[in-house]
Amino acid sequence: MSFCDRVYTIVAKIPKRKVATYGQIARLSGNAKAARAVGMCMRTNPFAPQVPCHRVVGSDGSLVGFSGGEGVSTKKSMLLKEGVRFTKDKVDIVRSQWNTGVS
DNA sequence: AAACTGACTTCTC
DNA sequence: GGAGAAGCCAGTT
């Protein structure tokens, strides 16, 4: 069980039409400052369809990362199909950020 | 085992 | 508001 495994589990739990930030996942995984490590785990992503890495965005909803297809463009398209609201080139983090249950 | 890199975040200018 | 620099973590070489 490695840090990445926790990340995969958390990302896999992101509800549809919602997105989470690397920092948030890092925090949920136990290391608030491991945002970078989270990104690396996503890049490794041994659970591609199982772990919706496209639902993971930057701290401000910015489409960072994603090495597949057309990059952020494909990521954006997938999120749009998921029903995630977009503001120009960024996810409407205000409306679509994953609420972990912490009020 | 050590050093480098990377899908990040945040502060300061 | 935009650009630049520093800090942290885990994985890969």
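Proteins get letters first, then strands, A, B, ... in listed order; numbering begins at 1 in each. Please read these numbers as outputs of a predicted model, since none were measured by experiment.
Of the options A:Lys18, A:His54, A:Arg17, a side-chain contact (heavy atoms from CB on, under 4.5 Å) to A:Leu79 is made by A:His54 and by none of the others.
When heavy atoms are screened at a 4.0 angstrom cut-off, A:Cys4 is found touching the sugar-phosphate backbone but no base atom. Within the 4.0 angstrom heavy-atom criterion, base atoms lie near A:Phe66. Base engagement by A:Ala37 is indicated by at least one non-hydrogen atom pair under 4.0 Å involving a base atom.
Closest to the side chain of A:Met40, from the set B:dC8, B:dT5, B:dA7, is B:dT5. Listed candidates were B:dT5, B:dT9, C:dC9. Nearest to the side chain of A:Ala34 is C:dC9. Side-chain proximity of A:Thr44 to the nucleotides C:dA10, B:dA7, C:dT12 is greatest for C:dT12.
Residue A:Met42 contributes atom CE, which lies 14 Å from atom C1' of C:dC9 at whole-angstrom precision. Rounded to whole angstrom, the span from the CZ atom of A:Arg43 across to the C1' atom of C:dT13 amounts to 13 Å. In this structure, A:Gln24 places its CD atom 11 Å from P of B:dT9, rounding to the nearest Å. Taking atom CG of A:Asn31 as the reference point, atom C1' of C:dG7 lies 14 Å away to the nearest angstrom. In this structure, A:Ile10 atom CD1 and C:dA10 atom P are separated by 13 Å, rounded to whole Å. Spacing between atom CZ of A:Phe3 and atom C1' of C:dC8 amounts to 11 Å, rounded to whole angstrom units. Computed from coordinates, the A:Asp5 CG to C:dA10 C1' distance equals 12 Å when rounded to whole Å. When the P atom of B:dT9 is taken as reference, atom NZ of A:Lys90 falls 13 Å away, rounded to whole Å.
Under 4.0 angstrom from either OP1 or OP2 of B:dA7 there lies no side-chain N or O belonging to A:Asn45.
In this structure the side chain of A:Phe47 never reaches within 4.5 angstrom of the side chain of A:Val11, judged on heavy atoms. Counting heavy atoms from C-beta outward, A:Asn31 and A:Arg6 have side chains that approach closer than 4.5 Å.
Checked by distance alone, A:Arg36 brings no side-chain donor or acceptor within 3.5 Å of a matching partner on the base of C:dG11.
Residue-environment remark: CG (A:Asp89) stays at or below the threshold of 12 foreign heavy atoms within 6.0 Å.
Side chain of A:Gln24 to backbone of A:Trp98: a donor-acceptor contact under 3.5 angstrom is found.
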